[in-house]
Each structure stands twice: as C-alpha cells, then as structure tokens.
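The block underneath contains the structure these notes are about, expressed in structure tokens.
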There are 2 protein chains.
Amino acid sequence: MSEPGLACCTPLSGTAMSAEQAEQVAPLLKALADPVRLRLVSLIASSASGEACVCDLNDAFDLTQATISHHLKVLHSAGLLDREKRGVWVYYALRPAALSAVANLFGTAVPA
Amino acid sequence: MSEPGLACCTPLSGTAMSAEQAEQVAPLLKALADPVRLRLVSLIASSASGEACVCDLNDAFDLTQATISHHLKVLHSAGLLDREKRGVWVYYALRPAALSAVANLFGTAVPA
DNA sequence: CGAAGGCATCGACAACCGTCGATGTCTGCC
DNA sequence: GGCAGACATCGACGGTTGTCGATGCCTTCG
C-alpha cells in the first residue's frame, strides 16, 4: 500500500465495479470470448425464428460435432442460451436477460 | 453436412457475424473476460481524470505488483488501454474506440 | 424389436492462462 | 555516484481451455 504522502494521481473517484459484480459478469464474457461461440450466438441471434438446431449450427463450422456440442454447453452453462429438445433435434435460443447484463457493462441498453 | 431433404429449422437467415469479424472481436472480449481486468478497466473508467497510475491500481487488489502489471499489459496489448509514462509513474487510460467496438457487438451505441 | 441418426459425454492431449518470487530497468533524489 | 522507489520482465508452477476420436443415450422409423 502506498502512503498518502505523495499523490501520483486522482484517488480513483467515481463508482467503480465491485469485486462481486466483476466475478459475476466475467464468466459471461469468458463464455463469449471465443470466435466459435461468438459466431454461434450470432447465428442463433440472426435466425428468423430466434432459435437454431444443432444440426445446422454444426454445418456452419469446420469442427467436430463434439466440439460444437461442447461450445453450446459452455454457452448454456453460462446462462446465455436456452436449450430445448423437440423430437430428435435440440434447439438453442438466446436468453435476452444474460445478454442485457453484458450490454449494461458498456452503459448501453438492450437492442431488442 | 446434412442433406436438405428434411429441414429441422429455419435456414439461419439474417446476417450473422462473419468468421473474420469473430476472430477480430474475440480477443477484445477475452481480454475483458477476467474479474481483475474488468475491475481494472472499471477503475480507470471511473477515475475523474480518465486515467490511473499503476500504484493506485495496485492498491485496489490483493495481488502482486507483477500480476497487476501483467493484466495491464494484456489490456494494453488488446488495444483497450493507452499507456503513458510520466516521470516515475505510468498512467493507463481507456481507448474509447476499442470499447465501442465491443459495445457494437450488442447492437448498441457508445455511451459517451 | 432392431437399425439409424442426432446429440451429449468421456478421456486424452497440447496449448494457454493466472499467479507468484526474483530480477532487471529506469527515474528522481541525497 | 549511489540509493530508493515504480514498474516491467523472466521463469516456473498448477489449473483451465479447445479440440478430437470414441462411445453412450435417446428418439424415430421400418
């Protein structure tokens, strides 16, 4: 800890993020911080029905089905995606609340 | 690749993120996807002068000075922070362009 | 009931990440 | 010049991550 004798800069005023808040939001960003997962979310978001099945997502990448399933699980575990099984296929959809939590980080409102 | 014989869902219409765009933005998110770095950015952003010196940032965490320096280097390498040395002290400031690039991901405009 | 297909899980591997102590570099002061 | 302080860099370590092949589960169809 530096003594207050000499001040090198303003004492970090304002209201910074709390440690707990950082610990909460960081996993969301970590889940999104991957090119494949970013594209997965983007693909689902740009889908007309707002959801996408694994089979189509699988075709969009040059990766193994196991790898895509793993990335989807990461996004689902982070709370970013909802998972619904209908018959043989599994559909993933965006969870808007989680995305807005991240969007709030940058002082902006949710898109839609 | 699945045959188009049976459609399991809408064909992923809309305009999804390109692979190149994902590869560009993912490192920014990866740099932010850490509780310590998130708080570092928040501390700098909430500073009155818009910048902060390492000595004060160091005092805000229970981490070694080497670790804080490492995190600042990661943020600087990602283009999120500007680095300026003034005398004995080093000041880090936000680079708004990088933050807006991330904010645009969520379809929102830059805060300020 | 048996076969086929969609998806998840498992085990393994290399690569990367966060943290630390120790050391180096540079600046300003006595 | 020599010392002290601020910050960066180095080397090392355990833990995590992305990817794969192989396998298992479950649903549907014949």
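Throughout, a chain's letter reflects where its sequence line sits, starting with A, and its residues are numbered from 1. Values below: every heavy atom of this structure, side chains too, minus hydrogens, waters and symmetry copies. None of these values were measured; they are calculated from a predicted model.
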Rounding to an integer number of Å, can you tell me how far [X] [atom1] sits from [N] [atom2]?
X      : N       : atom1 : atom2 : result
H76(A) : dC7(C)  : NE2   : P     : 15 Å
K30(B) : dT17(D) : NZ    : P     : 11 Å
L72(B) : dT19(C) : CG    : C1'   : 15 Å
H70(B) : dG18(C) : NE2   : C1'   : 6 Å
E23(A) : dG18(C) : CD    : C1'   : 13 Å
L40(A) : dC7(C)  : CG    : P     : 13 Å
L63(A) : dC7(C)  : CG    : P     : 16 Å
H71(A) : dG18(D) : NE2   : P     : 6 Å

Map I68(B) and T67(A) onto DNA chain D by nearest heavy atom, then report which one ends up closer to the 5' terminus.
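Going by which nucleotide is closer to the 5' end, it is I68(B).
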
Side chain of [X]: nearest nucleotide among [options]?
X      : options                  : result
K85(A) : dC26(D), dC20(D), dT9(D) : dC26(D)
D34(A) : dT9(D), dG18(D), dG21(D) : dG18(D)
V54(B) : dC7(D), dA8(C), dG21(D)  : dC7(D)
T64(B) : dC20(C), dT9(C), dG6(C)  : dC20(C)
R37(A) : dT27(C), dC7(D), dG18(D) : dG18(D)
A66(B) : dT9(D), dA6(D), dC7(D)   : dT9(D)

Whether Y92(B) contacts dA6(D) is assessed here as follows: a side-chain N or O lying under 4.0 Å from the phosphate OP1 or OP2. Is that the case?
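Result: no.
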
Quick check on dT9(D): is either OP1 or OP2 less than 4.0 Å from any side-chain nitrogen or oxygen of K73(B)?
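Yes, within the criterion.
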
Return the minimal non-hydrogen interatomic distance between A98(B) and L80(B), and the atom names on each side.
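Here A98(B) and L80(B) meet closest at CB-CD2, 3.7 Å.
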
Given DNA chain C, 5'-ward residue of the pair Q65(B) and V74(B), judged by closest heavy atom:
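The residue whose closest nucleotide sits nearer the 5' end is V74(B).
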
Do L43(A) and F61(A) pass the side chain to side chain contact (heavy atoms under 4.5 Å, CB included) test, and can you show the C-alpha distance, the side-chain angles, and the key distance before you say yes or no?
CA-CA 11 Å; L43(A) 281 171; F61(A) 299 87; 3.9 Å; yes

Side-chain contact, heavy-atom cut-off 4.5 Å: D34(B) with H71(B)?
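SC-SC contact between D34(B) and H71(B) confirmed.
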
Using a heavy-atom cut-off of 4.0 Å across all strands, would you classify R86(B) as base, sugar-phosphate, or nothing?
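Here R86(B) touches no strand at all.
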
Is it true that R86(B) and E51(B) make a salt bridge, defined as a side-chain N closer than 4.0 Å to a carboxylate O?
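Yes, this pair counts.
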
Less than 3.5 Å apart, any donor N or O on the side chain of H76(B) or R83(B) sitting next to an acceptor on the other?
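No, R83(B) and H76(B) have no side-chain donor paired with an acceptor closer than 3.5 Å.
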
